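All remarks here apply to the structure that follows.
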Amino acid sequence: MNWPRPAQFSHRVFRVWQRNFAVYQKTWKISFLPPLLEPMLYILAFGVGLAVMVGEVSLGGRSFGYTAFIAPALVAVSIMYNAFFECTYNSFVRMYYQKTFDALLATPLNLEEIILGEMLWAATKSVIAATLMGAVITLFGLLDFPGALLLLPLAALGGLLFAGFGMICTALVPGIETFNLPIFLGITPMFLFSGTFFPLSNLPAWAQSFAQLLPLTHLVALVRGCSLGLWGAELWLSLLYLLIVTLLLLPLAIALMVRRILD
């Protein structure tokens with residue numbers, strides 16, 4: 001088994017992004033619906049139904065309604081989902097079934113640029129989803145401005161992180177049906193136990209420690225802190241965590257994908 005050559009990049013990487021964006025423009029009407037309707041459904045279900053039972057949640061010495069508590073977390077979850085699924089199912093289909101990667105390799109693009117372009121596009125989809133969801137949530141008065149404007153760079157960072165995670169899964173799974181395994185073992189636990197629907201303080205000590213290892217925990221904390229005006233010193237550690245993990249995952253994803261394709 002031969003490991004790939006050192007990565008080489010140029011401005012051509014944005015041609016991959018441009019190609020995916022051109023395809024997205026043809027289906028944007030359908031792609032816009034989930035980020036627009038999903039927050040409305042959650043707010044209706046939790047804000048009207050469950051919030052009555054839960055009451056208020058205390059954060060940073062302040063009390064918030066349950067709907068305000070989960071709204072930023074829904075944005076963080078959307079960032080994760082859009083980037084991860086774009087770099088798993090969608091990238092796998094382009095690589096294996098549609099042979100898009102083969103077609104791109106017939107151009108001056110190299111493998112590293114194609115893979116990085118895929119991840120940049122996935123991060124872009126996360127930014128689009130966060131923007132749309134944020135706009136809807138704003139209509140309900142659940143975001144605090146101007147701090148909520150930081151959602152956009154956070155969406156880009158979180159999108160890159162989960163794009164790298166998704167691309168690593170694409171590099172390792174033997175077939176498209178095997179994506180169920182990283183979803184079950186990785187995405188679902190993060191969705192449930194990253195402080196999305198209840199404060200981490202409600203968990204046992206060992207579970208709280210485990211939750212701190214999950215990237216979504218830190219993304220939720222950052223998005224919630226910016227959205228509710230709760231920025232504190234501990235969020236700088238969460239930001240540092242996301243930066244380090246992203247810088248580790250991206251080159252690893254590129255190396256593993258190049259090895260898979262060349263082998």
Side-chain angles (χ1 to χ4, degrees), residues 1-35 78-129 155-187 215 245-263:
M1 182 180 296
N2 296 321
W3 283 89
R5 60 191 181 279
Q8 301 174 11
F9 302 101
S10 71
H11 66 280
R12 290 187 296 267
V13 69
F14 293 103
R15 292 299 184 183
V16 181
W17 183 97
Q18 186 179 24
R19 181 263 170 200
N20 289 339
F21 179 66
V23 175
Y24 179 80
Q25 285 179 302
K26 298 179 180 180
T27 61
W28 69 269
K29 292 181 180 179
I30 297 176
S31 301
F32 265 40
L33 288 177
S78 180
I79 292 169
M80 175 181 71
Y81 277 167
N82 276 271
F84 178 82
F85 286 108
E86 180 65 28
C87 281
T88 49
Y89 287 104
N90 292 354
S91 289
F92 192 92
V93 167
R94 286 192 285 267
M95 174 183 67
Y96 189 79
Y97 295 104
Q98 296 178 346
K99 304 298 181 183
T100 303
F101 285 19
D102 292 342
L104 291 173
L105 284 173
T107 71
L109 287 160
N110 59 43
L111 273 176
E112 292 89 349
E113 291 169 336
I114 294 172
I115 297 161
L116 179 58
E118 287 279 300
M119 292 189 287
L120 289 175
W121 170 244
T124 301
K125 288 195 69 175
S126 291
V127 173
I128 293 172
L157 176 60
L160 283 174
L161 187 154
F162 287 107
F165 177 53
M167 197 61 77
I168 289 173
C169 295
T170 300
L172 297 177
V173 298
I176 194 169
E177 68 281 351
T178 323
F179 282 126
N180 289 330
L181 191 59
I183 292 172
F184 174 71
L185 295 177
I187 297 301
V245 173
T246 302
L247 291 175
L248 291 175
L249 290 183
L250 292 184
L252 178 60
I254 293 172
L256 291 175
M257 278 293 291
V258 170
R259 185 183 70 170
R260 173 177 183 143
I261 294 172
L262 292 181
D263 287 349

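Keep in mind that what you see is a predicted model, and the values were worked out from it rather than measured.
- In this structure, Tyr96 places its OH atom where only 12 or fewer heavy-atom neighbours from other residues, nucleotides or ligands lie under 6.0 Å away.
- Every residue meeting the side-chain contact (heavy atoms from CB on, under 4.5 Å) condition with Ile261, not counting sequence neighbours, appears here in chain and number order: Met95, Phe101, Leu111, Met257.
- With sequence neighbours left out, Arg12 forms a salt bridge (charged side-chain N to carboxylate O under 4.0 Å, His left out) with Glu113.
- In this structure, the side chains of Arg19 and Thr100 come closer than 4.5 Å at one or more pairs of heavy atoms.
- Side chains of Leu181 and Leu185 form a contact here, defined as non-hydrogen atoms less than 4.5 Å apart.
- For the residue pair Leu160 and Thr246, the shortest heavy atom distance occurs at CB-CG2, 3.9 Å.
- The distance from atom CG of Leu116 to atom CD1 of Ile254, rounded to the nearest 0.5 Å, is 5.0 Å.
- Considering only residues two or more places apart in sequence or on other chains, Arg94 meets the side-chain hydrogen bond (donor to acceptor under 3.5 Å, both in side chains) condition with Glu86, Glu118.
- Within 6.0 Å of CZ on Phe184 lie no more than 12 heavy atoms contributed by other residues, nucleotides or ligands.
- By the 4.5 Å heavy-atom criterion applied to side chains, Trp121 and Val16 are not counted as neighbours.
- In this structure, the side chains of Tyr89 and Ile183 come closer than 4.5 Å at one or more pairs of heavy atoms.
- Listed by first and then second residue, the side chain to side chain donor-acceptor pair (under 3.5 Å) pairs that reach into residues 167-184 come to none, sequence neighbours excluded.
- Listed here is the closest heavy atom pair of Met119 and Gly164: SD-CA, 3.8 Å.
- Between Thr124 and Ile128 the shortest side-chain heavy-atom distance falls below 4.5 Å.
- For Phe92 and Phe179, the ring centers sit closer than 6.0 Å to each other.
- In this structure Ser78 satisfies the side-chain hydrogen bond (donor to acceptor under 3.5 Å, both in side chains) test together with Asn82, sequence neighbours excluded.
- You'll find the side chain of Asn20 stays beyond 4.5 Å of the side chain of Arg15, heavy atoms only.
- Although no hydrogens or angles enter the test, the distance criterion places no donor-acceptor pair under 3.5 Å between the side chain of Ser91 and the main chain of Thr88.
- Atom CZ of Phe14 is surrounded by 12 or fewer heavy atoms from other residues, nucleotides or ligands within 6.0 Å.
- Results of the side chain to side chain contact (heavy atoms under 4.5 Å, CB included) test with Val245 over Leu247, Leu248, Leu249 single out Leu249 as the only residue that passes.
- Note: Phe162 and Phe165 have perpendicular aromatic rings, judged against thresholds of 30 and 60 degrees for the angle between ring planes.
- Put simply, CD1 on Ile168 and CG on Leu256 are 6.0 Å apart, with the number rounded to the nearest 0.5 Å.
- A 4.5 Å side-chain heavy-atom check between Phe84 and Ile187 finds at least one atom pair inside the cut-off.
- Between the side chain of Arg260 and the backbone N or O of Ala255 there is no donor-acceptor pair closer than 3.5 Å.
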*When you look at Leu109 and Leu105, which way does the side-chain contact (heavy atoms from CB on, under 4.5 Å) test go after all the steps?*
CA-CA 6 Å; Leu109 287 160; Leu105 284 173; 5.8 Å; no
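- Across every non-hydrogen atom of Gly159 and Ala83, the tightest pair is O-CB, 3.2 Å.
- For Ala155, the side-chain contact (heavy atoms from CB on, under 4.5 Å) partners two or more places apart in sequence, or in a different chain, are Ile79, Val127, Ala130.
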